[in-house]
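This report concerns only the one structure given below.
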Amino acid sequence: MASYDFTDIEHKWQKIWEDQRVFYATEDDPRPKFYNVQMYPYPSGDLHMGHLRNYTYTDLLTRYQKMRGYNVLAPMGWDSFGLPAENAAIQTGIHPRVFTEQRIAKMTEQLKRLGAVYDWSREVAAHTPEYYRWTQWLFLRFYEQGLAYKKNAPVNWCPKDQTVLANEQVVNGACERCGTPVERRDLEQWFFKITDYAQRLLDDLATLDKWPERVRIMQENWIGRSEGAEFTMHVADRPDLQFTVYTTRPDTIFGMTFVVLAPEHPLVETLVEGTEYDAEVHAFIDQVRRESEVERLSTEGDKRGMFIGAYAINPANDEPVPIFIADYVLMSYGTGAIMAVPAHDTRDFAFAKLHGLPIPVVIAPPGWDGSDLDEAYTGDGIMVNSGQFDGLRAPEEGVPAVTRWLEERGIGRASVQFRLRDWLISRQRYWGAPIPIVHCPNCGEVAVPDDQLPVLLPDIEDYAPQGRSPLAAVPEFVNTTCPECGGAAERETDTMDTFVDSSWYFLRYTDPKNEQLPFARDKVDYWMPIDQYIGGVEHAVLHLLYARFFTKVLHDLDMLGFQEPFTALFTQGMLTKDGAKMSKSKGNVVAPDPYYERYGADAIRLYELFIGPPTDDAVWSDRGVEGTARFLDRVWRLGTETTDPVDRDEEPRDVEIRKAAHRTLAKVTGDIDRFAFNTAVAALMEFNNALMTYVREGARKETFTDVYDLLLLMLAPMAPHVAHELWERTGHETMLATESWPSFDPALVVEDVVTMVIQVNGKVRDRVEVPADIGEDEAVEMAIGRDKIRSWTEGKQIRKVIARPPKLINIVVG
RNA sequence: GCGGGCGUAGCCGAAUUGGCAUAGGCGCCAGACUUAGGAUCUGGUGGGCGCAAGCCCAAUGUGGGUUCGAGUCCCACCGCCCGCACCA
């Protein structure tokens, strides 16, 4: 249906770009660098229109920034470890490597078909020994720093996938991947100590001014810093026993009427041992422990807990308060113990009501009459019933005053807590990078020496997990010798979370073939930080936080010279169809193949750009592609059909079309810079419409050539195949991709005659063409003198005239 | 519950700093070309009046407010979306 053979053209130019290595980059280029990266994908096999949208954005920027004069690096790689390949292997028996590499090959083809260009010499894939060797090497550096450690921990366990999940992989109490309700189990697990970096990860968010604010806010909430105080409490009649509580509201300490320990709190055992509460408490603890997250969530609002037969002393007033355990207090946050102030905490209030505990008010709400509260009051107020602190404003005066008092008495101090937990990186899975640790009966836990890396993933027969890594069933892998004593030892059989792989791949791109180090300092410092990072908002807190953490650790190890990896971040919207995100599992994917055949790659790209604001979700529409295909067809015909431009002197019409071209150029340049690709395409369409009219009414040869060249230059990053072909056919000997992005002529963009709007009482009543440099007095005079305006002002008094020449005059009458 | 965002034509959307609301596309209507058109081109496409040039009016989820002037700023409400979710 198109009037040109786009398939031939696409093949031709894709081959030229690759064969001539047009988009390959080196570090010795004198131009300023621009490092342009899209989050490397999991090789799922088939790209759909939703994926193509993202690749189109990245590719547009690669081509645009090159034309803008930058030394652009746009690499591509694969997040190729992970569960799907392993699950497929369990089902089909195909080795995950074979499965993965077939898909990588397929996706590479599909990217090339779109016309997306990369420096393929820098391709990385997480599953290759050449890559995971360095993932293991980096693990060892973390290990040396005490940033990688093993501990027994209650973990999220997916009974279907038979593996441990990170907190982030648990969605509404269910496994993110398969939806199975998650259970809790105790296992020995490897962690990265990201909490050591919590404050810096929080502080440096402020420097990321080219990140979407919502992503910064999400990370801020995820890190979850809170300020308060912790202090020691003694158990009544047991001077040997004490525990620490954490609170953000030390100013409410006089309102404490009970304390709550997490069921897992170590002191609980001691307190109930041999008492009448022993059996009942243990039954409760067992129940809570075994409960899945789903079950816990379903009981929200009904806070379960019990008195355990002991009392603690409130250090503020020396009153004994009962000790409870309850499931709403978590061992993993703060100290695992809280002072409960029912009057001023909604959870404590609910719990106190349930157990008939007193609810004394210590922060008086404004206008409080001394009566009981119907609900917890958490707002500002005046301290009452609080001894020497009565009358202070809370929390702003009360918190520091009480905290100081606790410090002076030597029982407490100011304390900062983070919601962020350490990053659980071990997986009881096959398809990941083995953790390079050996367990020796004599030497204990021993790091595999650097020169013995990589610890290779062996080929195995049975991938099915049985509560431990499939690697544990491979004696040739497990049995080894201790690097320190040379005796018999066993390898660690857990593998690493794929988020470890993806926390540094963008560093490897800068020096992908290095066999001495993961990357050389000079190369990483040349390319990094990434100037433009593009990816889905679903990675707002996971990948993006981990990658920031890695960068900071490697900075502290003096391996690189920057603190933040991603200068600018862009998160694109999803493509939806039938009201849902396009995905294989929903069965609503739009496969690109028929569209390539019918409309060509450029029409698809252009529609992906035109479909709506890049940050917003968009709905796929077949009609939309037809529209952009029609547009390209018109551009093609303008460039190839005889339009009979003639040599003649320049007329006003010719100047007008040149002005239109330059205004469009200014608009498109600005729009690309602010990621408004949809309006950039609209501007090109509008200009093309004007150009068709111009040609129909008789074109001047020189003018037409000039403005048509501009059109092709602007189209080059968006619809590269057609633009390149037309550039060649219209007689240019250079390649369009290596041309400079044109700069607009300011004289042609500035309008010398503009339409001035004349309003009466804010309503538009007339318009008049005026010189752009018209003076205020002259503009007002002209406005008032217009016949049409007179008919509105006649018989009324002009009270005020707002003049904004040359755009607007507003006459206020009354 | 807490945090963030969105609501404009029949549909997708534009309006960048408070200044001509509705650009561009889709769809629809009419016409031209044509054996034919689901190709292409031209014109139209909120409402009212008018043969017409044109004139007038209404409208940006709802209701208020600030302002000479509000899609844009403020307040309340309605609806939808996203993130977090017992973090003391």
Side-chain angles (χ1 to χ4, degrees), chain A residues 1-3 172-173 212-218 220-222 224-226 228 230 245-249 252 260 262 296-297 299-301 303 326-330 332-341 345-348 350-351 417-421 537-538 540-541 574 606-607 610-613 615-628 630-631 633-634 637 667 670-671 673-674 676 678-689 692-693 696 754-767 788 799-804 807-814:
Chain A
M1 73 164 256
S3 35
N172 288 329
E213 186 172 16
R214 58 190 282 238
V215 173
R216 291 201 310 257
I217 290 171
M218 281 164 77
E220 203 177 304
N221 293 340
W222 190 263
R225 182 191 152 100
S226 81
E230 55 182 63
V245 298
Y246 172 73
T247 177
T248 54
R249 290 296 301 273
T252 63
V260 187
R296 265 184 96 149
L297 284 170
T299 60
E300 188 177 354
K303 305 195 182 311
D327 60 356
Y328 78 94
V329 174
L330 311 174
S332 53
Y333 183 79
T335 58
I338 61 160
M339 67 169 194
V341 182
D345 180 282
T346 50
R347 293 153 305 185
D348 298 344
F351 195 81
Q417 296 290 331
F418 293 93
R419 210 191 69 119
L420 183 70
R421 310 292 155 83
V537 73
E538 66 272 19
V541 285
M574 294 182 312
L606 220 43
Y607 179 55
F610 185 61
I611 194 166
T615 46
D616 291 5
D617 291 351
V619 184
W620 178 262
S621 147
D622 285 357
R623 298 286 196 187
V625 203
E626 288 178 28
T628 54
R630 271 201 281 268
F631 164 67
D633 212 37
R634 290 177 191 139
R637 290 200 306 267
K667 167 84 176 151
D671 281 356
D673 288 339
R674 68 184 177 106
N678 54 328
T679 52
V681 175
L684 288 177
M685 289 174 165
E686 197 170 359
F687 174 66
N688 195 57
N689 291 344
M692 286 200 301
T693 304
R696 194 172 60 244
V754 301
T755 305
M756 184 169 77
V757 171
I758 307 170
Q759 299 179 330
V760 177
N761 286 348
K763 290 197 175 192
V764 179
R765 295 302 182 189
D766 199 6
R767 296 182 175 87
K788 225 187 267 177
R799 300 197 182 277
K800 197 172 183 180
V801 178
I802 311 289
R804 296 282 182 277
K807 294 181 81 176
L808 175 134
I809 301 290
N810 186 14
I811 300 163
V812 184
V813 299

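Chain letters run A, B, ... following the sequence lines, proteins first, then strands; residues in each count from 1. Reckoned from all heavy atoms, side chains included, excluding hydrogens, waters and symmetry mates.
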Fill in the blank from the handout: When rounded to whole Å, the CH2 to C1' distance for the pair A:Trp222 and B:rC2 reads 15 Å
Exercise for the section: Name the nucleic acid region contacted by A:Glu213, choosing base, sugar-phosphate or nothing; use a 4.0 angstrom heavy-atom cut-off, strictly under. Expected result: nothing
Exercise for the section: Check for a donor-acceptor pair, side chain of A:Asp766 on one end and backbone N or O of A:Ile758 on the other, with a separation under 3.5 Å. Expected result: no
Practice task
Look at A:Lys807 and B:rG19 and indicate whether a side-chain polar atom (N or O) is within less than 4.0 Å of OP1 or OP2.
Solution key: no
Exercise for the section: Describe the nucleic acid contact of A:Ser621 in one word from base, sugar-phosphate, nothing, applying a heavy-atom distance below 4.0 Å. Expected result: nothing
Practice task
Using only side-chain N and O atoms of A:Asn689, determine if any of them is under 4.0 Å from OP1 or OP2 of B:rG25.
Solution key: yes
Handout entry: Touch class at under 4.0 angstrom, heavy-atom based, for A:Arg225 against every strand present
Key = nothing
Problem - Among B:rA88, B:rC20, B:rG27, the nucleotide that comes nearest once only the side chain of A:Arg623 is considered - result: B:rG27
Exercise for the section: For A:Arg419, report the nucleic acid contact type (base, sugar-phosphate, nothing); a contact means any heavy atom under 4.0 Å. Expected result: base
Practice task
Report the distance from atom CG of A:Asp766 to atom P of B:rC55, rounded to the nearest whole Å.
Solution key: 8 Å
Practice task
Please determine, for the side chain of A:Arg674, which listed nucleotide (B:rG24, B:rA21, B:rU16) has the closest atom?
Solution key: B:rU16
Exercise for the section: Classify the nucleic acid contact of A:Ser226 as base, sugar-phosphate or nothing, counting any heavy atom under 4.0 Å across all strands shown. Expected result: sugar-phosphate
Handout entry: Distance, rounded to the nearest Å, where A:Arg630 contributes CZ and B:rG24 contributes C1'
Key = 13 Å
Exercise for the section: Would you indicate what A:Ile811 reaches in the nucleic acid, counting non-hydrogen atoms under 4.0 angstrom: base, sugar-phosphate, or nothing? Expected result: nothing
Practice task
With C1' as the reference atom in both, quote the distance from B:rA21 to B:rU72 in angstrom, rounded to an integer.
Solution key: 11 Å
Practice task
Please state the C1' separation for the pair B:rC12 and B:rA23 - nearest whole angstrom.
Solution key: 14 Å
Exercise for the section: With heavy atoms under 4.0 Å as the rule, sort A:Asn678 into base, sugar-phosphate or nothing. Expected result: sugar-phosphate
Practice task
Would you indicate what A:Ile217 reaches in the nucleic acid, counting non-hydrogen atoms under 4.0 angstrom: base, sugar-phosphate, or nothing?
Solution key: sugar-phosphate
Practice task
Look at the side-chain N and O atoms of A:Arg765 and state whether any lies under 4.0 Å from the OP1 or OP2 oxygen of B:rC57.
Solution key: yes
Exercise for the section: Have a look at A:Arg767 and say if it touches a base, only the backbone sugar-phosphate, or nothing, with a 4.0 Å heavy-atom cut-off. Expected result: base
Handout entry: P atoms of B:rA76 and B:rC2, separation to the nearest Å
Key = 13 Å
Handout entry: Whole-Å C1' distance, B:rA30 and B:rG79
Key = 39 Å
Practice task
Using the C1' atoms only, state how far B:rA9 lies from B:rG5, rounded to an integer number of Å.
Solution key: 24 Å
Exercise for the section: Could you tell me whether A:Lys667 contacts a base, only the sugar-phosphate backbone, or nothing, with contacts defined as non-hydrogen atoms closer than 4.0 Å? Expected result: base
Problem - Side chain of A:Ala682 - closest among B:rC20, B:rC86, B:rA23 - result: B:rA23
Problem - Between P of B:rG24 and CD of A:Glu686, the distance in whole Å - result: 5 Å
Handout entry: Interatomic distance where CG belongs to A:Leu330 and C1' belongs to B:rA85 [whole Å]
Key = 11 Å
Completion exercise
Which of B:rA15, B:rA21, B:rA88 is nearest the side chain of A:Thr679? It is B:rA15
Handout entry: Whole angstrom value for the distance that separates P of B:rC86 from CZ of A:Phe351
Key = 16 Å
Handout entry: Among B:rG24, B:rA58, B:rG13, the nucleotide that comes nearest once only the side chain of A:Lys763 is considered
Key = B:rA58
Exercise for the section: Kindly point out which of B:rG25, B:rA85, B:rG3 is positioned nearest to the side chain of A:Asn221? Expected result: B:rG3
Handout entry: Distance between P atoms of B:rC68 and B:rG61 (Å, rounded)
Key = 24 Å
Handout entry: Between B:rC26 and B:rG38 - C1' atom distance, rounded Å
Key = 15 Å
Problem - Inter-nucleotide C1' distance (B:rG46, B:rA58), Å rounded - result: 8 Å
Exercise for the section: Look at the side chain of A:Arg804 against the base of B:rG19 and say whether a donor-acceptor pair falls under 3.5 Å; ignore hydrogens and angles. Expected result: yes
Problem - Shortest side-chain distance from A:Arg637, nucleotide among B:rG4, B:rG13, B:rC41 - result: B:rC41
Practice task
May I have the distance from A:Asp617 (atom CG) to B:rG13 (atom C1'), rounded to whole angstrom?
Solution key: 14 Å
